Every structure is written in structure tokens, then in C-alpha cells.
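Throughout, residue positions are numbered sequentially from 1 according to the sequence presented. None of these values were measured; they are calculated from a predicted model.
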Amino acid sequence: MRSPRGEGEHQASSISFWLQLSGGKHVRKLSISVVFAAMLTAGPVTTAFAASSVPINAIGVENEYADVISQVGGQYVRVQAVETDPNTDPHTFEASPKVAREIAAAQLIVENGVGYDAWADKIMSASARPNRKVINVQTLLGLPDNTANPHLWYDPKTMPAVAKAIAADLAALQPAQAAYFHANADKFIASLEPWNAAIAAFKVKYGQTPIAVTEPVADYMLEAMGFNILTPFSLQKAIMDGTDPAPQDVTTQNDLFATNRVKVFAYNQQVTDTLTKSFLDESRKAGIPVVGVYETMPTPGYTYQSWMLAEVAALEKALTNKVSTETLQK
């Protein structure tokens, strides 16, 4: 059973964060009573949105998406994030009436999809709003429902597509600012070039480096960097879903550490339990450097771009200097 490492609220300069999460399993549940309470208190839904002089009310369900909305929308958006705490398990949380009210009132919502935040769809279905724009990243990327790894933001192909979609939807909501939104999206995409360059350089220098992980959190980026992920995916999925892994998979993982078959261990700092802590102990005992990875952008102090660059830098430092970077929180 998963145990969250802590609770709290973290503030980012451009985003208002307002939800505390609770640990749990991959399947997310939303109480109908929560939605009903939100509908009672949210007030009537109007048929037209605010004038262009009023900031667009936007929500990024995960704070990495909220950060991109903020960068693209700039002064013309008021952005909130739901999942914000890098010390808790984001795979499940209990929605509050306040969360439901905020989502019901939002004009633009960016959600991950792949079952990661299906609770948001239930709230939106119960609170229809004319002209609401919803970007489901899974749908945007054309991914099937059975996509094994839901952590789409670690894929270098994801955020450029998301930024373009955000600009298009914001422009539809405030046509007078369309050029501003599209220019910001282009600026954001250009700002990802250092990350892409770091990934490419790493792959050339360290391609096929063996690595162990706890969950498939950063797998998309690790694969782009050329890592050879030796942890059985069945073990990664079991830990991600909060189910009991096969004993043979646990043995395989422990052998990776005991025989020094991996050069680095990517450890999900947000979901820890007795099993993952035992892997952490084994990696430390074997002198294998550990790099902490996150499902929620560490805040304050990071943008999406600087977060991704920090992960690449930590992985390179682990290989070149055998130095662990177990946490990115500042």
C-alpha cells in the first residue's frame, strides 16, 4: 500500500495552486456528492464568457500543464493547477467541492488523459459549460486508451503539441489576442531546444546505458536519451497501480543492484512504500547513484523547461560523477 511522503501547498510565481492530494492507487474515484455539492454552490452557468478585457479562467489539472498555459496565455489568463504537491501520490486524490466549482467555472482545461485524471471528465460532464475548451493530451497525441505509460509530459513530443493547442483555444476565446498567444507558443517551443539538445547529446555519449526504475514515470524521456531500462515493465506497472508485483520481478530488480548491472536508479519520489524503499536501500548499498523523478513539477523554482533540464543534468551527473540527486526540490 502506498504512503505519501507529506502534504502541503507550494506556490509558483505565475500560478495559484489550491489542492492537497492524498495517496492511493492508479484508479481514481470521484464522489457524486462532490459534484452535486459543486453544482449547488457554483451558481448558474452563463452562455457567454467574460469580455476580452477579463483574463481567461484556465486550469491545468497537473501543474506542469498549468505552467505551459501560463507561459502561453501570459497576462490574459488566470491559471490554476489541481495536482501540485511533489510530495504526494498523484494517481488518486479526493476531489473537494471547491475543486469541482473551479473546474465547472473554467473556460479552458488541460488534462492528461489515459485514465490519469478521469475524475475531471466526470466533473465536466456534470457541469456543462457553453464554449468550454478542453484539451485532453491523450486525444491530442492520438494515443489509445490502453497506452501503458500515462506520464505523457516526459515525452519530448508532448508539450510542443500542447502549447500549440493551448494557443489555438485561447485565440478562439479571445480573438483579439490571437497573435499574442501564438507568438508565446512559438517562444515556448523554442525554449525547449536546450532540453532537446541535452537529450540528443546524452544519447550520443551514453546511449544504451542500463538503468533501473521504480515506475514508468520518466520512461519516455529515458528512452529518448537512449537508456536501456532493465526493470521489468510488469514490475513498474504493479508499483504504479499499487498492486502486488510478481515475486520473480522483485528478484530481478534486486539482482540488478546486487550485480551492479545498472549504472543509475531513477526513483519516483512521490510514491514510496516498503518495496520501493527496499530498492532504494539496495541501490545505495551497491553504490548505484539515485536520481529522483517526479509526476508533479517540483515547485517553487521550476518551469516545465527547467524541470526537464534538471532531470537530464542529474542523470548525467550520476553517470559521470556517480553523484545522486535524490530530490530536485529547492
Side-chain angles (χ1 to χ4, degrees), residues 19 21 24-30 58-73 79-84 89-93 95 99-100 102-103 106-129 132-170 172 185 188-189 192 195 213 215-224 229 233 236-237 239-242 268 270-271 293-297 304 307-308:
L19 177 67
L21 308 180
K25 294 184 173 63
H26 181 54
V27 178
R28 302 183 170 206
K29 297 181 179 179
L30 176 68
I59 286 178
V61 175
E62 292 76 24
N63 69 344
E64 49 266 32
Y65 295 128
D67 181 60
V68 180
I69 298 172
S70 182
Q71 293 189 53
V72 174
V79 187
Q80 292 177 306
V82 177
E83 301 190 5
T84 66
D89 179 358
H91 284 267
T92 292
F93 83 101
V99 171
E102 295 286 349
I103 289 179
Q107 297 166 259
L108 170 66
I109 298 173
V110 179
E111 61 177 351
N112 186 74
V114 200
Y116 195 81
D117 41 21
W119 57 268
D121 293 322
K122 296 179 182 179
I123 294 177
M124 286 186 279
S125 295
S127 56
R129 183 180 178 92
R132 175 191 286 144
K133 304 294 185 182
V134 178
I135 298 171
N136 179 296
V137 178
Q138 172 196 349
T139 302
L140 180 68
L141 300 177
L143 300 175
D145 289 341
N146 63 352
T147 298
N149 183 0
H151 307 96
L152 305 180
W153 53 91
Y154 269 101
D155 189 333
K157 299 187 297 294
T158 295
M159 286 309 191
V162 171
K164 290 179 181 179
I166 289 170
D169 282 352
L170 291 176
F188 171 79
I189 293 168
L192 295 174
W195 179 41
V213 302
E215 297 186 49
V217 173
D219 279 10
Y220 289 121
M221 187 182 75
L222 297 176
E223 290 162 357
I229 303 171
F233 189 81
Q236 298 180 53
K237 188 175 188 307
I239 294 173
M240 178 177 69
D241 292 346
N268 183 5
Q270 290 184 245
V271 179
V293 295
Y294 296 83
E295 303 186 52
T296 303
M297 184 175 69
Y304 173 76
W307 172 32
M308 292 293 105

Validation row: Leu192, Pro160 side chains within 4.5 angstrom (heavy atoms): yes

Point-to-point distance, once rounded to the nearest 0.5 Å, from OH of Tyr116 to OG1 of Thr147: 14.5 Å

Tyr154 and Trp307 aromatic centres sub-6.0 Å: yes

Nearest non-hydrogen partners of Ile69 and Ile59, listed with the distance: CD1-O, 3.6 Å

Rounded distance (nearest 0.5 Å) linking atom NE2 of His151 with atom CG of Asn268: 7.0 Å

Close side-chain approach of Met221 and Val293, heavy atoms under 4.5 Å: no

Shortest non-hydrogen contact from Ala106 toward Arg132: O-NE, 3.6 Å

Minimum heavy-atom distance Val72-Ala185, with the two atoms named: CG2-CA, 4.1 Å

Residue pair Asn112 / Tyr65, side-chain donor-acceptor N/O under 3.5 Å: yes

Any Thr158 side-chain heavy atom under 4.5 Å of Val162 side chain: yes

Check: Ile109 and Met124 side chains under 4.5 Å, non-hydrogen atoms: yes

Pair Thr84-Glu62, side-chain contact (heavy atoms from CB on, under 4.5 Å): steps then yes or no: CA-CA 7 Å; Thr84 66; Glu62 292 76 24; over 6 Å; no

Distance-minimising heavy-atom pair for Val61 and Trp119: CG1-CZ2, 3.4 Å

Heavy-atom pair of closest approach, residues Pro216 and Asn149: O-ND2, 2.8 Å

Verdict with reasoning, Leu152 to Tyr220, per side-chain contact (heavy atoms from CB on, under 4.5 Å): CA-CA 8 Å; Leu152 305 180; Tyr220 289 121; 3.8 Å; yes

Listed partners of Tyr304 passing ring pair (Phe, Tyr, Trp, His ring centres under 6.0 Å), at least two apart: Trp195

Least distance between heavy atoms, Ile103 atom then Ala120 atom: CD1-CB, 4.4 Å

From Ile166 atom CD1 to Leu108 atom CG, the distance as rounded to the nearest 0.5 Å: 6.5 Å

Met159 vs Met308 side-chain heavy atoms within contact, under 4.5 Å: no

Approximate separation, where rounding is to 0.5 Å, of Glu215 CD and Lys237 NZ: 11.0 Å

Residue pair Gln80 / Glu102, side-chain heavy-atom distance below 4.5 Å: yes

Check: Gly113 main-chain N/O paired with Asp117 side-chain donor or acceptor under 3.5 Å: yes

Donor-acceptor side-chain pairing of Asp145 and Gln138 below 3.5 angstrom: yes

Gln270 CD to Thr296 OG1 distance, which is reported to the nearest 0.5 Å: 4.0 Å

Asp155: salt bridge (charged side-chain N to carboxylate O under 4.0 Å, His left out) partners, not counting sequence neighbours: Lys157

Gap separating the CZ atom of Phe188 from the CG atom of Asp67, nearest 0.5 angstrom: 7.0 Å

